[in-house]
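Some notes on the structure that comes next.
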Amino acid sequence: MIGILLIYWIWKGFANLALEYDKNKWGYFAIGIVSYYGGTLVSGFIVGLLAVFISGVDSVNDDSFTNPGWNILFVLFGALACYGVYRLLENKCEKEKELQKKEGIDSIGVIEEN
């Protein structure tokens, strides 16, 4: 149930961002989902590598990674990755919008004074 709410939250945020800047909302939703699951995957991989380097390969085989605390940690890392990608896209779109205003069709042939 929480996974469905997270997917809805990601869809809503990225779709609103896409609509605000006249982009494809399904493309931005796909970027959001990939960033969330990519963040969880990368964080799990890093935690696994750290566990192997610190305690050896045998530490990964026991049941210490099946408690809900690790799942919450990975969800938080996924949410942070998703939020980071959201902010990057927002800044990128804002710069594109400013550039479009600055270099519009009306400014062709006009000498800009600095």
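For reference, positions follow the sequence shown, starting with 1.
The hydrophobic cluster containing Trp26 also contains Tyr21, counting ILVMFWY residues as joined when their side-chain heavy atoms lie under 4.5 angstrom apart, directly or transitively. Hydrophobic clustering (side-chain heavy atoms under 4.5 Å, transitive across Ile, Leu, Val, Met, Phe, Trp, Tyr) keeps Ile4 apart from Ile33. Clustering ILVMFWY residues whenever any of their side-chain heavy atoms sit less than 4.5 angstrom apart, transitively, puts Tyr8 in the very cluster that holds Ile31.
In terms of the ring-ring contact (aromatic ring centres under 6.0 Å, His included) criterion, Tyr28 has no residue partners (sequence neighbours excluded). In this structure, Glu20 has no salt bridge (charged side-chain N to carboxylate O under 4.0 Å, His left out) partners at least two apart in sequence or on a different chain.
A donor-acceptor pair under 3.5 Å links the side-chain atoms of Thr40 to the main chain of Tyr37, judged by distance alone.
Between atom CG of residue Asn24 and atom CZ of residue Phe14 there is a gap of 13.5 Å, rounded to the nearest 0.5 Å. Taken to the nearest 0.5 Å, the CG atom of Leu17 stands 9.5 Å off from the NZ atom of Lys92. Rounded to the nearest 0.5 angstrom, Trp9 CH2 and Tyr36 OH are separated by 9.5 Å. Leu89 CG to Ser35 OG: the interatomic distance, rounded to the nearest 0.5 Å, is 8.5 Å.
Of all heavy-atom pairs spanning Gly32 and Ile10, the tightest one is C-CG2, 3.7 Å. Closest non-hydrogen pair, Phe74 versus Gly44, comes out as CE2-CA, 3.6 Å.
You'll find the side chain of Phe29 reaches within 4.5 Å of the side chain of Ile7, heavy atoms only.
For Tyr83, the OH atom sits in a loose shell: 12 or fewer heavy atoms of surrounding residues, nucleotides or ligands are nearer than 6.0 Å.
Salt bridge status for Lys97 with Glu94: absent, with no side-chain N to carboxylate O gap under 4.0 Å. Using a 4.0 Å cut-off between a side-chain N of Lys or Arg and a carboxylate O of Asp or Glu, Glu90 and Lys95 do not qualify as a salt bridge.
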